[in-house]
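One structure is given below, encoded as structure tokens.
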Amino acid sequence: MSDKAILIAGGGIGGLAAALGLARKGFRVAVLERAAELGEIGAGIQIGPNAFHAFDYLGIGDEARAKAVYIDHLVLMDALKDERICAIPLDEPFRQRFRNPYAVVHRADLHGVLLEACRASPLIELRTSAAVERYDQDGSGVTATLGSGERVTGAALIGADGLWSNIRRQVIGDGSPRVSGHTTYRSVIPTERMPEDLRWNAATLWAGPKCHIVHYPLKGWQVFNLVVTYHNDAPEPVAGQPVDKAEVARGFGHIAERPRRIIEHGENWKLWVLCDRDPNQKWIDGRVALLGDAAHPMLQYMAQGACMAMEDAVCLADKLDKAGGDFARALPAYALERFIRTGRVQLYSRLMGDYIYHPDAGTAALRNAALGAMSPSDFYDRLQWLYGGTGLGATA
Ligand SMILES: Cc1cc2nc3c(=O)[nH]c(=O)nc-3n(C[C@H](O)[C@H](O)[C@H](O)COP(=O)(O)OP(=O)(O)OC[C@H]3O[C@@H](n4cnc5c(N)ncnc54)[C@H](O)[C@@H]3O)c2cc1C
């Protein structure tokens with residue numbers, strides 16, 4: 001095993017999970033994060049059972065579980081008719097089937113659990129204000145050049161630097177991500193501001209033509225997470241820009257009053273123009289590997305981007321451990337195993353957007369009839385490939 005640290009560009013959920021996984025297998029790691037502080041945006045995230053396996057592998061199972069809200073259902077509502085289409089129960093049969101729960105958690109809490117565990121590890125060094133601009137490599141290591149001009153050398157480099165990854169630009173060079181034209185607005189409100197008749201212990205999706213609304217409780221029910229999306233053909237990528245309520249409401253004039261009113265209760269809305277990419281299997285360049293959104297950015301319609309990043313971290317640590325730190329063997333094996341599964345989630349996320357979240361007319365009627373006729377075990381069977389995965393072993 002090399003005495004040099006493995007460098008990780010990016011200290012988001014993927015980068016910190018990778019740092020923890022590698023450190024738990026005895027590798028020294030240096031995380032190089034561009035921002036001045038390590039943190040996450042103030043919004044929620046859904047966590048499938050597959051991510052709980054990753055928490056346990058990373059040794060943070062108890063801490064992560066303690067921060068989560070355990071919802072009872074995934075509810076799909078028709079936003080035009082104000083009618084329930086279906087609800088997937090997340091009770092004991094679900095937990096037994098997938099050996100873990102489904103939950104929602106505040107991003108900052110999840111990132112905080114990962115960060116605390118990284119800080120507690122003597123094998124992990126965390127550096128901020130350290131943007132990785134580019135890398136060079138030879139047979140014995142990788143040198144990352146930071147924005148400041150400083151050069152940092154390590155045994156290998158993991159590009160966990162997100163959607164606009166500099167590392168991907170060098171590994172693949174496939175240009176900018178695809179701008180989807182779908183704009184998402186996020187708000188987190190105190191629970192008492194959420195209409196009482198909608199305070200459901202569920203991740204609720206109101207699906208309407210070219211728009212949808214998602215809400216669920218967070219932080220021990222102190223707040224509700226609101227995520228609303230509509231197609232506005234936004235041409236440019238934007239992330240986290242504050243906007244007024246009138247702009248958010250503009251995409252929802254055509255839906256029923258009850259879901260439409262949810263937007264009235266939001267405050268401090270911020271917008272993101274959603275981007276993704278087609279699957280691309282070139283994740284590896286010698287001693288450099290991509291992970292998380294840098295490798296497989298996806299639309300959020302399967303609520304799996306962060307879950308996949310955590311699975312990546314598990315797989316990477318496992319492959320390097322089994323290969324005794326031989327990067328030439330471990331990195332291609334990691335990419336091969338992860339590419340099919342993450343590529344499937346990338347493409348299914350687009351399909352979910354088109355056929356479950358945003359269809360109109362006959363396609364929406366077909367969605368309602370088909371999903372409305374399914375039993376819990378029908379849903380579980382169809383979700384087995386996804387929620388039954390762990391990051392260990394090729395599940396696609
Ligand atoms: C609206 C929305 C809802 C979502 N909901 C869910 C959900 O419910 N469940 C789920 O699993 N996923 C969800 N996702 C997806 C999830 O947020 C992402 O897939 C996940 O955060 C990706 O993590 P990452 O660590 O790969 O990248 P990021 O979180 O983007 O982290 C990248 C890190 O790298 C840093 N960085 C960037 N460039 C550099 C550089 N050059 N050098 C050093 N550091 C750099 C950044 O500052 C950042 O800290 C959602 C996404 C969106 C947009």
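Counting starts at 1 for both ligands and their atoms, in listed order.
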Specify side chain, backbone, both or neither for [X], according to which of its non-hydrogen atoms lie closer than 4.0 Å to ligand 1.
{"X": "Gln300", "answer": "side chain"}
{"X": "Asp161", "answer": "both"}
{"X": "Ile45", "answer": "both"}
{"X": "Ser165", "answer": "neither"}
{"X": "Thr229", "answer": "neither"}
{"X": "Met308", "answer": "neither"}

With Tyr301 as partner, the option from Val345, Thr229, Ile356, Leu351 fulfilling side-chain contact (heavy atoms from CB on, under 4.5 Å) is Thr229
So for ligand 1, is [X] a polar contact partner (N or O within less than 3.5 Å, distance only)?
{"X": "Gly305", "value": "yes"}
{"X": "Ala306", "value": "yes"}
{"X": "Arg107", "value": "yes"}
{"X": "Arg186", "value": "no"}
{"X": "Val132", "value": "yes"}
{"X": "Thr184", "value": "no"}
{"X": "Leu291", "value": "no"}

I'd like to check [X] versus [Y] (side-chain heavy atoms, cut-off strictly below 4.5 Å). Are they in contact?
{"X": "Phe52", "Y": "Phe98", "value": "no"}
{"X": "Arg107", "Y": "Val105", "value": "no"}
{"X": "Asp285", "Y": "Gln170", "value": "no"}

Between [X] and [Y], does the ring centroid distance fall short of 6.0 Å?
{"X": "Tyr380", "Y": "Phe94", "answer": "yes"}
{"X": "Tyr70", "Y": "Tyr102", "answer": "no"}
{"X": "Phe252", "Y": "Trp206", "answer": "no"}

Should [X] and [Y] be regarded as members of a common hydrophobic cluster, given that ILVMFWY residues are connected when their side-chain heavy atoms come within less than 4.5 Å of each other, either directly or indirectly?
{"X": "Leu16", "Y": "Leu163", "result": "no"}
{"X": "Leu274", "Y": "Tyr355", "result": "yes"}
{"X": "Leu74", "Y": "Met374", "result": "yes"}
{"X": "Val243", "Y": "Val179", "result": "yes"}
{"X": "Leu114", "Y": "Ile41", "result": "no"}

Ligand-residue contact atoms, ligand 1 with [X], heavy atoms, under 4.0 Å:
{"X": "Ala303", "answer": "7 (C), 8 (O), 9 (N), 10 (C), 11 (O)"}
{"X": "Gly292", "answer": "26 (O)"}
{"X": "Ala131", "answer": "42 (N), 43 (C)"}
{"X": "Leu32", "answer": "43 (C), 44 (N)"}
{"X": "Ile13", "answer": "25 (O)"}

More than 12 heavy atoms of other residues, nucleotides or ligands under 6.0 Å from CD of Glu92: is that the case?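 Atom CD in Glu92 is crowded, with more than 12 foreign heavy atoms closer than 6.0 Å.
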Counting non-hydrogen protein atoms only, what is the nearest one to [atom]? Give residue, atom name and distance.
{"atom": "atom 26 (O) of ligand 1", "value": "Asp293 N, 2.9 Å"}
{"atom": "atom 8 (O) of ligand 1", "value": "Gln46 N, 2.8 Å"}
{"atom": "atom 35 (C) of ligand 1", "value": "Glu33 OE1, 3.2 Å"}
{"atom": "atom 29 (O) of ligand 1", "value": "Glu40 OE2, 4.0 Å"}
{"atom": "atom 31 (O) of ligand 1", "value": "Gly12 CA, 3.7 Å"}
{"atom": "atom 45 (C) of ligand 1", "value": "Arg34 CB, 3.5 Å"}
{"atom": "atom 23 (O) of ligand 1", "value": "Gly14 N, 4.1 Å"}
{"atom": "atom 30 (O) of ligand 1", "value": "Gly162 CA, 3.6 Å"}

Item to check | Cation-pi check, Arg338 onto Trp283 ring (under 6.0 Å, within 45° of axis) | outcome: no
Item checked: Gln300 and Thr184 side chains, donor-acceptor separation under 3.5 Å -> yes
Exercise: do Gln304 and Asn50 side chains pair donor with acceptor under 3.5 Å
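Yes, side-chain donor-acceptor contact under 3.5 Å.
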Select the closest option to atom 32 (C) of ligand 1 among Ala295, Ala160, Ala239, Ala43, judged by heavy-atom distance.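 That would be Ala160.
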